[in-house]
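Reviewing the structure listed below.
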Amino acid sequence: MKRVSGFPTRSDMVQQLLDVGFDYYNLPSSDGSHYWSDNVAYEFTLAEIDRIEDSTNELHSMCLDFVADEIKLGDYSYYRFTDLQKQLIEDSWRKQSPYLYGRFDFGYDGENLKMFEYNADTPTSLLEAAVVQWQWLEQIEGLSHRDQFNWIHEELLKHFTFLKQQSGKADFYFAAMQEAGREDWGNLDYLADVAYNAGWNIHQLAVEDIGYNKESQEFVDLNDAPIEMLFKLYPLEWLSGAEFAQHLPTAKTHFIEPAWKMLLSNKALLAKLWQRYPNHPNLLPAYFNKFDITDRKAIWVKKPLLGREGANVFYYEKNNGVEFAAKGSEHSAFYDTAGYIYQQKFELPNFDGMYPVIGSWVIGDVACGMGLREDFTAVTGNDSHFVPHYFVP
C-alpha cells in the first residue's frame, strides 16, 4: 500500500462528477481543499486486496453469528436498549427481514489489518466508492494498472433485483432527514437510481414527511399511499425512539436496514467480538470498562457506543490514568448518554501528513469493494477526503 500523487486533473472533471450525481465533490475540508481530488490515489497489490476481501467476508460472517447468538440468549447488557427496541430486534431477526449493506472501517499499516468498527446501519460514501472512483480509474491519465476492488454497483443492482423478487412488491421508498446534507441525499439518489434500474417504482421523501394511518395501521407518504418498502438513511436508534415508534411492531413496512442491525451499528460490538474471538488477527482488544484493561503500555481509544463522524473520541493512557480528547474529534453532548467502550489504539500510517482509513463494503452478504478516506489526524472526521484506489499484480 502506498499513496501516489501527481495525477493530472481531468479537463472536464467537474462535469464528469456532476454527471454521476457527485455534486458535493467540493465540500471543504479543514484546510480549505475539496472533498475530492483527481490528483491522489492509493496503490495496493493484488495480495493486499485479496486479504481485505477475505477478511471482510470473514468478519461479516462472524457478526451474523454473533447476532444470532445474542438474540438467542436475549443478552442485551451494555446496549441500553428499550423494551421496544429489544422486541423490534427479535421480531426482525425471526422474520428474516431483508437487509442491504454495511461498511467495515479498517486500519492497515502494510502488515496488520484491523477492524475499527462496522457501519451496518447508515454508512455513506457509497456513491464515491461504487461510481466516482471507478469513473476516475477509467478516465485518469498516467495510470498503467486499471484494476480496482470494486463491483459494488453490480452487487447493488443484483441485490435490489433479489429484493424485488423476494418481496413481490413494486414500490420502494427512500428517505433521509429533510435538512441532511447533499452527501446524504446524494447517496440516497444513487441508491434510488440503482433500485429503479432493478425494476422498482421509486419514491423519495423526507423522514419528517412519513405519516401513520391509524385505521389501516400503515405508514404512509404525503398522498396517504402505504409505504411497504422503505430504505431510510436515518439511524435505527433514532427511528425506534421516535414518537411513532409504538406502531413499528405492527407495521407492514419493511425497514431497511432492519432493527437487528442495532446490534452491529453499536460499538458495543467491538468489545463483544473481542470476548468471543480473543486474539483474532483482524480485531483490536476492546473492553467496556477501563478497569478490565491489562495492557498498561498501550494507548486506548475511548469511543462512544453510538458516535458518528469521529465525534467524542478520547485517548486513555492506562499507566498514568490520563484521558484526553483526540485531535480532530469534535465533542457533542448528544453522544455522551449511550456510554463508551475502550479499544486499543492502532497506529495508522502517515502518508504525506495524511492518515488513511479503508472502508470495505458488504452488499447483502458479499464483500465487493472498498473506498478510502484520509484526514490530517488519526481520527477520521466529517471533513475528511475521499481518495480513489487501484491495485497492481
Q: Please indicate whether E179 has more than 12 foreign heavy atoms, meaning atoms of other residues, nucleotides or ligands, lying under 6.0 Å from its CD.
A: no

Q. Cluster partners of F116, using ILVMFWY side-chain heavy atoms under 4.5 angstrom, listed by chain and number?
A. L284, F346, L348, Y355, V357

(Q) Checking Y101 against I152 for the side chain to side chain contact (heavy atoms under 4.5 Å, CB included) test, could you report, in this order, the C-alpha distance in whole Å, the side-chain angles of both residues, the deciding distance, and whether it holds? (A) CA-CA 10 Å; Y101 74 158; I152 301 170; over 6 Å; no

Q. Does any non-hydrogen side-chain atom of F174 lie less than 4.5 Å from one of L233?
A. no

Q.
With a 4.5 Å cut-off on side-chain heavy atoms, are W361 and P123 touching?
A. yes

Q | Side-chain donor-acceptor contact under 3.5 Å, Y42 with E374 | A | yes

N/O donor to acceptor pairs below 3.5 angstrom from side-chain atoms of residues 194-202, sequence neighbours left out:
residue	atom	partner	partner atom	Å
N197	ND2	D193	O	2.8
W200	NE1	F160	O	3.0

Q. What class does the angle between the rings of F104 and F106 fall in, given that below 30° is parallel, 30 to 60° is tilted and above 60° is perpendicular?
A. parallel

Q) Thinking salt bridges, do K232 and D121 make one under a 4.0 Å N-O criterion? A) yes

Q: Could you tell me whether K158 and E155 have a side-chain N and a carboxylate O separated by less than 4.0 Å?
A: yes

Q.
My understanding is that only residues two or more places apart in sequence, or in another chain, count here; which of them pass side-chain hydrogen bond (donor to acceptor under 3.5 Å, both in side chains) with S37?
A. N39

Q: May I ask you to check whether Y24 and W185 place their ring centres under 6.0 Å from each other?
A: no

Q: Mind checking the CG-CD spacing from D19 to Q15? Nearest 0.5 Å is all I need.
A: 4.5 Å

Q. NE2/H247 to CD/Q217 distance, rounded to the nearest 0.5 angstrom?
A. 9.0 Å

Q) Is NZ or CZ of K290 both nearer than 6.0 Å to the six-membered ring centre of Y342 and within 45° of the ring axis? A) no

